[in-house]
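Here is how names work: the chains are called A, B, and so on, in the same order as the sequence lines, proteins then strands, and each is numbered from 1.
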2 protein chains.
Amino acid sequence: MTTPPRGLRERKKQATREALREAALRLAVERGPDQVRVEDIAEAAGVSPRTYNNYFASREQAIVSAVTADREARIAAAVAARPAGVRLADAVTEAVVEQYTNTGEREHKALLLITTRTALRDAFLDTAAGIEPPLTAVIAERLDDAEAHTARVLAASVAAAVRIALEGWLRPAGKAEAAESLAAGGLVVPSGSLPDRLRTALAPLAPAFDAAEQHTQP
Amino acid sequence: MTTPPRGLRERKKQATREALREAALRLAVERGPDQVRVEDIAEAAGVSPRTYNNYFASREQAIVSAVTADREARIAAAVAARPAGVRLADAVTEAVVEQYTNTGEREHKALLLITTRTALRDAFLDTAAGIEPPLTAVIAERLDDAEAHTARVLAASVAAAVRIALEGWLRPAGKAEAAESLAAGGLVVPSGSLPDRLRTALAPLAPAFDAAEQHTQP
DNA sequence: GCGTAAATTTGCGCGTACGCATTTTTCTTG
DNA sequence: CAAGAAAAATGCGTACGCGCAAATTTACGC
C-alpha cells in the first residue's frame, strides 16, 4: 500500500472525529446552538462525553470544524499544485481564495448559524490559525531550507491576514461599527465579497514574499 | 486635572484589575501555579469570585497579565516616539525589541514559573496578539488613511512574528524538539537570545513595510 | 444635598473542561 | 494465534466560565 498499514487505528479516530463534527453541526442547526449539550453530541456519535473532549476542547470547536474540515491541508496542497514558475505570493493568494470560495450550500447555512453567536464566531476565526503549519511546510519547500524561520513567519502572517478578512466579512453591521468607523475618522469599505476581502488583506504581504524569493534565487 | 474627571470609576476598576494581577502572581509564586484557586485570588484582592471573572476570562490570564501589564501600549508609544524619518520597519522592530528586553528581576522569575505549565505558556503567547490594536493605530498614522487595511494586516503580522519568537524562546529543550528538528531535515538555531529571535522573526516583514511606505510618499 | 439613571458587583445555577486511574480495544512479537 | 505492550475510551471528581437577575455603588442634573 502507499499508506503504511498504520491504518485501522487512525481510520477509526478520523471516523469518530467526523461523526462528532457532523452530529454537532446537525444538532446545532436543528435546535439552535444553545440547545445542544455535549452529552447530546457524544450520544449522537456513539461515544462517551469524556471521549468527546479528547477530540474537541470546546463545544464550539466541534460545530465549527464541521465547516472548516480539512481546509488547511487543501490550501497547502493547492499551493504545492501551482507551477514553480509563478510568484509565490500569487500562488498563496490564489490558493487561499480558491479554498475559501468553494463553499457549498450546507456551509453557507452553517456560516449563517455561526454569525449568530459570538462564541461560535470566535471559534471560527481561530481556525484560520490552523493553516499555519501546512503553509509553513509548503512555503519552506519553495525557499531555501536555511530560511525556515522566514517560511514560518510568512505563513503566520497569511493566517493573520485571513483572520482579518474573515472577521470583517462576517461582522454584523451593527451600531458599534458605525461609531467605530467615525471615531477612526476615515471612510471604510462597507462590506465587499469574501474573495475581495481576502485579496485585499493578503496584498500587503506580497512584497515580503517577493523578497524572500529573491534571496533564494539571485 | 489633566485627565478628564471621568475618573473615580475608571480608577477603581484599574485598581481592582491590578490587585487581582498582583494577587494572582504572588500566590502562584508562593505555592505553585496548581495550588491557586480563583477563590483564593479573589479573596486576596477583596472581591467576589464572580467579579474576578468579570476581569479575567481564565486563571492563567490573570497570572500572565501581571507580567505583560501594559506592554502593548508601551510598544505603540515607543513607535510613535521615533522620529518620522526612520524606516517604519526599523521603528517597529526596535520598539518591540526594546519593550520586550526591559525585563526586571521580578518578571524573570515569573517567566520561569510560566514555562513550567503549558496552560500558562499558551496564555502568555496569546498576549502577543494584544499588540495588534495599538500597533494598527500607530502604523496607520504613518501611512495614508486610505490604507487602513494595510496597517491592520502589518500589525497583525508583527504580532504573529512576535508570538513565534516568544514560542521558540521559552520552549523547553525537551525530547520532542530533537525529534522534530531531525524530521524537518534541517539544522535549526538551538536557542539564541530573545532580542535576536525577535529581530530574526521580524526581518522577513520589512519589505512589506517598505512597500507600504513607498505607496504613501511616491 | 437629593433623586434618578447608569455602571459595577455579587450570588446562584448550569454545563463545561480536564486530570487521573481504570477498563477496553488495537497493534506487535514470537 | 496467543500474550503482552501500546493506545484509546470511559467514569469520576473538581474547579472553572459565564449568563442571568437582584443588589450595591457611582455619576450627573437640578
Phosphate contact (C:dA17 OP1 or OP2) by A:Asn53 side-chain N/O below 4.0 Å:
yes

CD (A:Glu43) with more than 12 external heavy atoms under 6.0 Å:
no

Between B:Glu22 and B:Arg17, is there a salt bridge with N-O shorter than 4.0 Å?
no

Report yes if a side-chain nitrogen or oxygen of A:Lys12 is closer than 4.0 Å to either non-bridging phosphate oxygen (OP1 or OP2) of C:dT25; otherwise report no.
no

Kindly list each side-chain donor-acceptor pair under 3.5 angstrom involving residues 153-164 of chain A, sequence neighbours excluded, with atom names and distances?
residue  : atom : partner  : partner atom : Å
A:Ser157 : OG   : A:Val153 : O            : 2.9
A:Arg163 : NH1  : A:Asp126 : OD1          : 2.9

Donor-acceptor contacts, no H, no angles, side chain residues 32-42 of chain A, under 3.5 Å, sequence neighbours left out:
residue : atom : partner  : partner atom : Å
A:Asp34 : OD1  : A:Arg117 : NE           : 3.3
A:Asp34 : OD2  : A:Arg117 : NE           : 2.8
A:Asp34 : OD2  : A:Arg117 : NH2          : 3.1
A:Asp40 : OD2  : A:Arg31  : NH1          : 3.2
A:Asp40 : OD2  : A:Arg37  : N            : 3.0

N/O-N/O pairs, protein side and nucleotides 5-8 of chain D side, under 3.5 Å:
residue : atom : partner : partner atom : Å
D:dA7   : O4'  : A:Arg9  : NH2          : 2.8
D:dA8   : OP1  : A:Lys13 : NZ           : 3.4

Taking DNA chain C as the partner, which of residues 31-40 of chain B come within under 4.0 angstrom of it by heavy atom?
none

Establish, with yes or no, whether the OP1 or OP2 oxygen of D:dC16 is under 4.0 angstrom from a side-chain nitrogen or oxygen of B:Arg59.
yes

Name every residue in residues 18-27 of chain B that has at least one heavy atom under 4.0 Å from any atom of DNA chain D, in order of residue number, or write none if there are no such residues.
none

Axis bend over the full length of the helix from C:dG1-D:dC30 to C:dG30-D:dC1, computed from five pairs that close each end, to 10 degrees:
40°

Can you tell me if the side-chain N/O atoms of A:Ser48 get under 4.0 Å from OP1 or OP2 in D:dT10?
yes

